[in-house]
Enquirer: 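So that we are looking at the same thing, I have put the structure below in structure tokens.
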Amino acid sequence: MIIVNSTNIAELSDEQLGVWFNEMSDERKTETERIAVKEKRAAKIAADHLCRECIGNFCKADPKSIVFFKGEHGKPYAENLPVFFSVSHSGDFAVCAVSEREIGIDIEKIRPIKLKTAERFAAPSELEYITEERRLFEIWTLKEAYFKCIGTGLGADIKSVSFEICGNKIKCSQAGFSCSFYEAPEGYICSVCEKDA
């Protein structure tokens, strides 16, 4: 079972962000304080809180008691809890997905971009699909979600996985993964990738 929650960062007050900042671990507070841009700091704080809230609800645990650690390639995990999660933020929105299996999520605000950019990350079959900006971000978010799911993050092998999109059906070139688009605010694309049982 996958649960996805989101929050609109632009609607959060400085007071609310301050409360959530105080809930963060010392390590995360230090990381956050190093971020120079106020909006990016707010996004990190909101994403941290969203993760705690989602994991707490999923595991029936106190969100304030959740301790995060990073795996070998930097993928975050919740200590001593039977849950996998992934978080992403773009523009005004942060999203978090939780599951009993490895999972990845990515949200992107659709923005002007040259379609030729897709040549850097898309397989030939995907390039045929990418005829507009929305489709470019569909493929990009699917790749981000996949690599977050396997725990490596984007790397030099970004073309090693490809996606075939036909209506609401998405086929991943790597067996053992289920991918889908999640309902996102207007002007955004959100993709989720979960490892099959």
Side-chain angles (χ1 to χ4, degrees), residues 1-111 137 140-141 144-154 180-194:
M1 175 177 66
I2 300 173
I3 296 175
V4 177
N5 280 342
S6 65
T7 190
N8 186 335
I9 302 161
E11 293 178 353
L12 300 173
S13 67
D14 289 343
E15 290 76 18
Q16 183 65 73
L17 288 167
V19 170
W20 290 351
F21 175 80
N22 288 328
E23 294 173 0
M24 299 170 85
S25 67
D26 289 343
E27 180 186 358
R28 286 191 170 224
K29 283 179 183 174
T30 301
E31 289 173 2
T32 304
E33 286 171 332
R34 288 186 187 133
I35 299 171
V37 180
K38 181 182 178 183
E39 290 78 13
K40 290 187 177 181
R41 274 197 314 274
K44 185 165 180 72
I45 294 167
D48 181 272
H49 176 78
L50 188 61
C51 285
R52 289 176 186 284
E53 189 177 71
C54 291
I55 294 167
N57 289 339
F58 193 85
C59 297
K60 297 183 175 33
D62 177 5
K64 293 176 186 173
S65 71
I66 295 167
V67 177
F68 296 115
F69 71 95
K70 291 180 181 175
E72 181 183 350
H73 298 286
K75 182 173 179 173
Y77 292 93
E79 193 171 79
N80 300 320
L81 290 173
V83 65
F84 296 95
F85 73 96
S86 181
V87 66
S88 178
H89 50 80
S90 178
D92 290 337
F93 289 89
V95 292
C96 180
V98 293
S99 173
E100 296 161 339
R101 300 195 290 268
E102 291 281 8
I103 194 163
I105 192 169
D106 189 54
I107 188 170
E108 292 290 339
K109 184 175 183 178
I110 300 170
R111 53 199 180 273
F137 284 104
W140 177 259
T141 57
E144 278 266 20
Y146 169 81
F147 283 105
K148 284 183 176 183
C149 181
I150 65 171
T152 62
L154 291 174
S180 60
F181 294 123
Y182 188 79
E183 186 178 333
E186 184 68 31
Y188 289 79
I189 298 287
C190 183
S191 294
V192 176
C193 178
E194 182 184 42

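Hydrogens, waters and symmetry mates play no part in the numbers below; they use all other heavy atoms, side chains included.
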Enquirer: Working to the nearest 0.5 Å, report the span between NZ of Lys38 and CG of Asp14.
Expert: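 Between Lys38 NZ and Asp14 CG, I get 4.0 Å after rounding to 0.5 Å.
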
Enquirer: May I ask you to check whether over 12 heavy atoms, not counting those of Glu183, lie within 6.0 Å of atom CD?
Expert: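 Count not over threshold, so no.
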
Enquirer: Are Ser88 and Asp106 linked by a side-chain donor-acceptor pair shorter than 3.5 Å?
Expert: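 Short answer, yes.
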
Enquirer: Could you tell me whether the side chain of Glu102 reaches within less than 4.5 Å of the side chain of Lys75, counting heavy atoms only?
Expert: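 Heavy-atom side-chain distance check passes, below 4.5 Å.
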
Enquirer: Mind checking side-chain contact (heavy atoms from CB on, under 4.5 Å) for Thr30 and listing every partner two or more places apart, or none if nothing turns up?
Expert: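 Result, side-chain contact (heavy atoms from CB on, under 4.5 Å) vs Thr30: Arg34.
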
Enquirer: Could you tell me which residues satisfy side-chain contact (heavy atoms from CB on, under 4.5 Å) with Val67, sequence neighbours excluded, listed by chain and number?
Expert: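 Listed in chain order: Glu79.
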
Enquirer: Minimum heavy-atom separation for Leu50 to Asn5, with atom names?
Expert: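 Heavy-atom minimum between the residues: CD2-O, 3.6 Å.
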
Enquirer: Do any pairs count as a salt bridge (charged side-chain N to carboxylate O under 4.0 Å, His left out) and have a residue in residues 86-97, sequence neighbours left out, and if so which ones?
Expert: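 Qualifying pairs, neighbours excluded: none.
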
Enquirer: Of all heavy-atom pairs between Ser86 and Ile103, which one has the smallest distance, and what is that distance?
Expert: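 Looks like CB-O, 3.6 Å.
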
Enquirer: Not counting sequence neighbours, list each pair that qualifies as a salt bridge (charged side-chain N to carboxylate O under 4.0 Å, His left out) and has a residue in residues 41-56.
Expert: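 Sorted pair list: Arg28-Asp48, Glu31-Lys44, Asp48-Arg52.
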
Enquirer: What closest approach, in Å, do Val87 and Lys148 show between heavy atoms, and which atom pair accounts for it?
Expert: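 Distance-wise, the nearest heavy atoms are O-NZ, 2.9 Å.
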
Enquirer: Please list, chain by chain and in numerical order, all residues satisfying side-chain hydrogen bond (donor to acceptor under 3.5 Å, both in side chains) with Thr7, sequence neighbours excluded.
Expert: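 Applying side-chain hydrogen bond (donor to acceptor under 3.5 Å, both in side chains) to Thr7 gives none.
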
Enquirer: Applying salt bridge (charged side-chain N to carboxylate O under 4.0 Å, His left out), which residue pairs with at least one partner in residues 56-69 are found, sequence neighbours left out?
Expert: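 Matches after skipping sequence neighbours: none remain.
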
Enquirer: Which pair of non-hydrogen atoms, one from Lys109 and one from Ser90, has the smallest distance, and what is that distance?
Expert: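 So the two residues come closest at N-OG, 2.9 Å.
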
Enquirer: With a 4.5 Å heavy-atom cut-off, do Phe68 and Ile55 have their side chains touching?
Expert: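 Answer yes - side chains close enough.
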
Enquirer: I need the minimum non-hydrogen distance between Pro82 and Cys59, along with the two atoms involved.
Expert: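 It is CD-SG, 4.3 Å.
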
